[in-house]
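Working notes for the structure below.
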There are 4 protein chains.
Amino acid sequence: MVAPTPPVRKAPQQERSRLMVEKILTAGREVLLRDGYDAASTNKVAKQAGISPGSLYQYFADKDAVVDAVVAKYADELSDRVAASLTDQLGGPDDSLIHATLHALLDALEENEAFLRVFVDELPRTRNHERLAGVEQRVSDLMAAYLAARRGDVRDVPPSRAAWIVVRAIEQLTVRYVLDRPPMSRDELVAEVDAMVTAYLQS
Amino acid sequence: MVAPTPPVRKAPQQERSRLMVEKILTAGREVLLRDGYDAASTNKVAKQAGISPGSLYQYFADKDAVVDAVVAKYADELSDRVAASLTDQLGGPDDSLIHATLHALLDALEENEAFLRVFVDELPRTRNHERLAGVEQRVSDLMAAYLAARRGDVRDVPPSRAAWIVVRAIEQLTVRYVLDRPPMSRDELVAEVDAMVTAYLQS
Amino acid sequence: MVAPTPPVRKAPQQERSRLMVEKILTAGREVLLRDGYDAASTNKVAKQAGISPGSLYQYFADKDAVVDAVVAKYADELSDRVAASLTDQLGGPDDSLIHATLHALLDALEENEAFLRVFVDELPRTRNHERLAGVEQRVSDLMAAYLAARRGDVRDVPPSRAAWIVVRAIEQLTVRYVLDRPPMSRDELVAEVDAMVTAYLQS
Amino acid sequence: MVAPTPPVRKAPQQERSRLMVEKILTAGREVLLRDGYDAASTNKVAKQAGISPGSLYQYFADKDAVVDAVVAKYADELSDRVAASLTDQLGGPDDSLIHATLHALLDALEENEAFLRVFVDELPRTRNHERLAGVEQRVSDLMAAYLAARRGDVRDVPPSRAAWIVVRAIEQLTVRYVLDRPPMSRDELVAEVDAMVTAYLQS
DNA sequence: GATGAATGAGAATTCATTCAT
DNA sequence: GATGAATGAATTCTCATTCAT
């Protein structure tokens, strides 16, 4: 991995661009958190970012593009963390994979609870459908691979089907746990979800 | 529950009111279906209802109140159907309750697929949070009652906790099945969900 | 001609509408005169009209519709006056028709010199192409009819062709006279244009 | 007219300047033709010219200056051609001067029909008033000189006055012919205009 | 009660122009 | 000189809500 000779003039420009995009995404996130989706506006985001409304449009085609990028950034972080945890567990003992993944997922969700609320409860799902589908697909694929590898030990249905079921169930239960705080502890939730998924896969 | 003596002159007025509210709700539903949430407006709803925008505000405090009421109506219908199915099954054989309820739920969801899409994928969840929570609570309560009655045969956790888990998982899986149409048949979906829930409850 | 029973409630509403449209057109004219076409804006027009920007859009679809209507009003007035003068002269002595019409036209143009300047020199011709074409067509038709009636006495070409030539030449010469004020008196202009048109028609 | 000794180092700079101005004018013309006046912008012109928006402002004070220069270039070309044709005819037989000039003018206009349309129908006349006036003045002067030379044979009014009339009539009729394509052939148009002008001058 | 014209704050977006590099 | 990112005032248009009739 040799660092290539950096282009003389392009590097700082790219750096500036990255900085502006970063500023806008951060500001977008802040505005979404502060004002909610309905009350968010491109001018507010620009003001929060300390730039002019016109500048924002040099980096994003329109309002949706800004929201999409903010959401994408969050979705990617989440996706990365869950995928990493899952991958780490793939070689380990079978009975801890679900357990460990649930904790990793809950960690990630709880760290960003405020934004999760905006993301899940305020944004029309259509706005982030693709991003969410991307996360789900990525995790489903990993899960399906895991199930395929254990074929014979687990429920005899196509791995993709079992993965679809398991991923969506886990997603919903963890997300709603974080956002709705039903009367059970985190460990109790994990115990139940783990029990459900494990029982299902072994049935 | 006996209806109290109705005021002599108020009855026809209440009747008119009911009619207006009905007109507005129907129009609201139509506009949401036709134009989607973003393009819906109070003026469009009023026009569709054949009344003036001003009149709408005699029956609903603001735009949100209209959307809420439209959603509430749909949620109540859904809630009624699922609750009825569940109640019907409570006295029957244990192993068909989940199965029958899943079919009843899928019937109800598929009948209103277009509106379900608006409701779940277009409306910000905040808009219908309470209504949805109401449906979930009602079904959770029934489920918890059922589990309490079978205490001893089923997973040894507080019934309300198992119900919370089961109801949310089923809700998510059936809704996403109808809206996302993953590559499995309805019977295959029911088989998996039934297997998961049953295995969980018996674990 | 019996006046029909006036609709009880519709009349005053129509009256209000007419009033609003009138207010907007007047304000539009004033803003065009004061600020010119480029600096004119819908909000300025609304402010000048003493109404809100939103109200303007109840009567006109967009900015162009307002400008078009202002222009149309002016074009219609002009068209009416010239057509009336021309019609009046059709039965009279041949040698005064051009003369009288030129004076009528110059009267009309000079009375509205300021707006004529906006109309001809500021508005992109595309903006008022249709309106202008309408005026020209109307006058051309009358002129062609006149020439057809005199067939035998006048230049032996299709009347529509001679009319096309004459109308456009007169239009240009009178308009530029009013706007550019070349060093000749009005009577001198009329003498020249009259001479040109008359000589042409008799050639 | 001898070029003064050029400053030793300034020459190549002037050359570069000339090149940049040329690039900008060409780009401006292309953008006006491609996008029309309303959709044209300084940034588009700069991009089309392959320079930066900032550079444009080293050669032109503002947007209007660019448009003016583009228009001026076209007007000068046109002016040159018509003046040349007119000059060529001054020594020839009187009765072919108008005829030949009309053809020369129509040639020039038809060759640039697309830009003529932008120039005449899209650009607010104010934008090109001076340039157009320049063309008209130049041609009028030539025409007046010609008429002065023929004094005695032609209509007895100040030559400048007759020239003003004739030049504006011809301009309008040829331009509208090219842009509006009325139902007559080019030769028919020339015949009529020639007849009108000749008859007028001899009246 | 019903009406619907009027409201007006505010949204997204553009583009001529500047100025630090 | 050249650059082009940044500017920000200004523009068109929307729509939830009000209130005089």
Side-chain angles (χ1 to χ4, degrees), chain A residues 9 12-17 19-20 23 38-47 49-66, chain B residues 13 16-17 20 38-47 49-67, chain C residues 9 12-14 16-17 19-20 23 38-47 49-66, chain D residues 13 16-17 20 38-47 50-67:
Chain A
R9 233 172 319 179
Q13 280 179 20
Q14 276 183 350
E15 197 49 31
R16 261 216 262 172
S17 273
L19 240 58
M20 286 290 278
K23 265 202 267 186
D38 279 355
S41 79
T42 52
N43 284 4
K44 275 186 192 167
V45 172
K47 191 169 197 179
I51 64 172
S52 91
S55 297
L56 188 150
Y57 284 85
Q58 292 218 331
Y59 299 93
F60 295 94
D62 54 21
K63 188 194 179 184
D64 285 352
V66 179
Chain B
Q13 281 180 17
R16 264 216 260 171
S17 274
M20 288 288 276
D38 277 357
S41 74
T42 51
N43 286 2
K44 275 186 191 167
V45 172
K47 189 172 195 180
I51 64 171
S52 92
S55 298
L56 190 151
Y57 283 83
Q58 300 232 324
Y59 300 95
F60 294 94
D62 55 20
K63 190 197 180 184
D64 288 350
V66 179
V67 175
Chain C
R9 237 173 316 181
Q13 281 178 20
Q14 276 183 349
R16 260 216 262 173
S17 273
L19 240 59
M20 286 289 278
K23 265 202 268 186
D38 278 357
S41 78
T42 50
N43 282 7
K44 275 186 192 166
V45 172
K47 190 169 196 178
I51 65 172
S52 90
S55 297
L56 187 151
Y57 284 85
Q58 292 219 329
Y59 298 94
F60 296 94
D62 53 22
K63 188 195 178 182
D64 286 351
V66 179
Chain D
Q13 280 178 21
R16 262 216 260 169
S17 273
M20 286 289 276
D38 277 358
S41 74
T42 52
N43 287 0
K44 275 185 192 167
V45 172
K47 189 171 194 179
I51 64 171
S52 92
S55 299
L56 191 149
Y57 283 83
Q58 300 232 326
Y59 301 95
F60 294 94
D62 56 20
K63 188 196 180 182
D64 287 351
V66 179
V67 175

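Basis for what follows: all heavy atoms, side chains included, without hydrogens, waters or symmetry-related copies. Chain A is the first sequence line, chain B the second, and so forth, proteins listed ahead of strands; every chain is numbered from 1.
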Paired with dA11(E) by Watson-Crick or G-U wobble geometry, both distances under 3.5 Å: which nucleotide is it?
dT12(F)
The side chain of P53(A) lies closest to which of these nucleotides: dA12(E), dT11(F), dT13(E)?
dT13(E)
Quick one: on DNA chain E, does G50(B) or A61(D) contact a more 5' nucleotide (nearest heavy atom)?
G50(B)
Find the distance D62(B):CG to dC15(F):C1' and express it as a whole number of Å.
13 Å
Take the protein atom CG of D38(A) and the nucleotide atom P of dC15(F), then report the distance between them rounded to whole Å.
13 Å
Just so I know, are the side chains of P53(B) and N43(B) near enough to count as touching, which here means a heavy-atom distance under 4.5 Å?
yes
Can a donor-acceptor pair under 3.5 Å be found between the side-chain atoms of Q58(A) and the base atoms of dA6(F)?
yes
Nearest-neighbour nucleotide for the I51(B) side chain, dG8(F), dA16(E), dT3(E) considered
dT3(E)
Would you mind pulling out the nucleotide paired to dA5(F), Watson-Crick or G-U wobble, both distances under 3.5 Å?
dT18(E)
Do any side-chain nitrogens or oxygens of T42(C) fall under 4.0 Å of OP1 or OP2 in dT12(F)?
yes
S52(B) side, atom OG; Y57(B) side, atom OH - distance, nearest 0.5 Å
11.0 Å
Closest of dC15(F), dA2(F), dT7(F) to the Y59(D) side chain is dA2(F)
Want to settle it: does S41(A) or S41(D) sit nearer the 5' end of DNA chain E, counting the closest nucleotide to each?
S41(A)
Identify which nucleotide among dG1(E), dA6(F), dG1(F) has an atom closest to any side-chain atom of M20(A), counting heavy atoms from C-beta outward.
dA6(F)
Spacing between L56(D) atom CG and dC19(E) atom P, to the nearest angstrom:
17 Å
To the nearest 0.5 Å, tell me how far L56(D) CG sits from I51(D) CD1.
5.0 Å
Heavy-atom count check: over 12 atoms from other residues, nucleotides or ligands less than 6.0 Å from K47(A) NZ?
no
Rounding to 0.5 Å, atoms CD (Q58(A)) and OG (S17(A)) come to a distance of 8.5 Å
Between dA16(E) (P) and N43(D) (CG): distance, integer Å
6 Å
Of the candidates dT12(F), dA5(F), dT13(E), the side chain of K63(A) sits closest to dT13(E)
Whole-Å gap separating P (dA9(E)) and OH (Y57(C))
17 Å
Residue S55(C), side-chain atoms from C-beta onward, closest of dT11(F), dA6(E), dA16(F)
dA6(E)
May I have the distance from K47(A) (atom NZ) to dT7(F) (atom C1'), rounded to whole angstrom?
16 Å
Send over the distance from D64(D) CG to dT17(E) C1', rounded to a whole Å.
13 Å
Write down the distance between NZ (K23(A)) and P (dT7(F)), rounded to a whole number of angstrom.
7 Å
